[in-house]
There are 2 protein chains.
Amino acid sequence: MTVPTGRRERKKAATRQKIADTALRLFLERGYEAVGIREVAAEADIAVTTLFSHFASKEALVFEQDADFERALTRAVTERAPGEPLVPALRREIHALVRHCTAEGAAPVQHMIDESPALRRYEESMRLRHAESLATALLADPARTATPLACRTLARFTVDAYALAREAPEPEAAVDEIFRMIEGAWGVAAGAGTGSGATGS
Amino acid sequence: MTVPTGRRERKKAATRQKIADTALRLFLERGYEAVGIREVAAEADIAVTTLFSHFASKEALVFEQDADFERALTRAVTERAPGEPLVPALRREIHALVRHCTAEGAAPVQHMIDESPALRRYEESMRLRHAESLATALLADPARTATPLACRTLARFTVDAYALAREAPEPEAAVDEIFRMIEGAWGVAAGAGTGSGATGS
DNA sequence: ATTCGAAAAGCTAACGGTTAGTGTTATGGT
DNA sequence: ACCATAACACTAACCGTTAGCTTTTCGAAT
């Protein structure tokens, strides 16, 4: 166990940040596809191999906060108030994420993503990863009553809600509409023996 | 309008098939990542550029029947019996597709896909395309009562059902379980003013 | 039958993301 | 002071994919 504030880790984080900042700046200035990896590395004054030791791919440069999103999703499940029903907790979290990504500052980045097929594909496969880790969290929930398959289904529906809301004209309202449907779906899955409506675990 | 049985189109189809067959054979023999595009082209005795004029990418070689799947999905909506409710029609179609892909002959191909991250990613983005064209079909449905967003949501949930069922230990039963949840979701969306249960359009 | 336009296939050469292999420096623990 | 290791660098390549251009093959109209 080393000290959490080692100089090494600070330098590494700084390098990583410098790469991400440089890349995003160049991408926004001249377009994602128009900027090559070699250019990004040169501009950030690091070697190409170093860049790839910090980021697994060119697309990953754009989705720097990937891991934060993933954590936020699973925490909405694992750290929710004791006894709080599942779906509303997820709905709140998706609301927060959508709000965070439709904030004013995020508009140019979002436009860039929409323009590039490569980035769109990457974003979707990223969401799939998030769905899988959310499913893991749901399966581990101590208050779980639903089947494993129902949990995996809920996880996918939840990230679908995010994706669909982002494309909708009114994202916030879209989240509510979709989550009304998810409540309907979860009511069937969670109340498998109950028969009554939407009182999930 | 030319005659449908032109020699040109036959030859083109034959070339396409030869490429796909050769590629699949090599992939199964030696592994997807271990076989390069140039090898496939050489073995099929065609030029690399010709290969890419028939298939948009290396991954597309594996999912040759892509377009068939897409058509099958949308037809389940557009050509269903008059007055037949939507969700059961979709359920039947997903059942058929799952059965088709869990047939005995498909096992090695499926294993190959599971092993390769690139193929998994491609398959998911393919499904997304299918969801979008299914959404288009749902929006154009003359008997539609649900909102556009609800249609798009149903489309995504439907392809989710396919993906989840494929990974489940008992795919056929999984389809039924997930579609019970989808019925619950659709009941909310379609009966927006009705109040009663699952009698969608 | 000949001719002509267009689609299909071919070749070469490159571009751009990514990785292997190898070496060098800086850092932290002992 | 010393060593293991993590971070970074450099070169050179690999591989999927595309551009540019030529050649072949077919379909149809004269």
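Only this structure's heavy atoms are used, side chains among them; waters, hydrogens and symmetry mates stay out. Lettering of chains follows the sequences in order, A, B, ..., and the numbering in each one begins at 1.
Phe52(A) places its CZ atom 17 Å from the P atom of dT11(D), with the value rounded to the nearest Å. Atom C1' of nucleotide dA7(C) and atom CZ of Arg10(B) are separated by 16 Å, given to the nearest angstrom. Atoms CD (Glu9(B)) and P (dA6(C)) sit 17 Å apart, rounded to a whole Å. Going from atom CD of Glu39(B) over to atom P of dC14(D) covers 13 Å, rounded to whole Å. Per the geometry, CD1 belonging to Ile37(A) stands 18 Å off P belonging to dT11(D), to the nearest Å. Rounded to an integer number of Å, the gap from Ile19(A) CD1 to dA9(D) C1' is 12 Å. Here the C1' atom of nucleotide dT24(D) and the CG atom of Asp45(B) are 15 Å apart, to the nearest Å. To the nearest angstrom, P of dG16(D) lies 4 Å from NZ of Lys58(B).
Across all strands shown, Val35(A) has heavy atoms under 4.0 Å from sugar-phosphate atoms exclusively, and none from any base.
Listed pair His54(A) / dC8(D) meets the phosphate criterion, a side-chain N or O lying under 4.0 Å from OP1 or OP2. Applying the 4.0 Å criterion to OP1 and OP2 of dG10(C), one finds that Thr50(B) has a side-chain N or O inside that range. The phosphate of dA7(D) (OP1 or OP2) has no side-chain N or O of Lys11(A) nearer than 4.0 angstrom.
At a cut-off of 3.5 angstrom, counting only N and O atoms as typed in the model, there is a donor on one side and an acceptor on the other between the side-chain of Thr49(A) and the base of dC10(D). Between the side chain of Arg7(B) and the base of dT25(D) there is no donor-acceptor pair of N/O atoms closer than 3.5 Å. Residue side chain Arg38(B) reaches the base of dG16(D) through a donor-acceptor N/O pair under 3.5 Å, judged by distance alone.
Summarising the geometry of Ala163(B) relative to Arg156(A), their closest heavy-atom pair is CB-NH2, 3.6 Å, with the distance given to 0.1 Å.
Of the candidate nucleotides dG16(D), dT18(C), dC8(D), dC8(D) has the atom nearest to the side chain of Thr15(A). The side chain of Ala47(A) lies closest to dC10(D), out of dA7(D), dC10(D), dG27(D).
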List the steps, then state whether side chain to side chain contact (heavy atoms under 4.5 Å, CB included) holds for Glu93(A) with Arg75(A). CA-CA 9 Å; Glu93(A) 190 57 42; Arg75(A) 275 189 192 159; over 6 Å; no

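Judged by the 6.0 Å and 45° rule, Lys58(B) forms no cation-pi pair with Tyr122(B).
No more than 12 heavy-atom neighbours from other residues, nucleotides or ligands sit within 6.0 angstrom of CD on Glu170(B). Counted within 6.0 Å of CD on Glu39(B), heavy atoms from surrounding residues, nucleotides or ligands total more than 12; the atom is thus considered enclosed.
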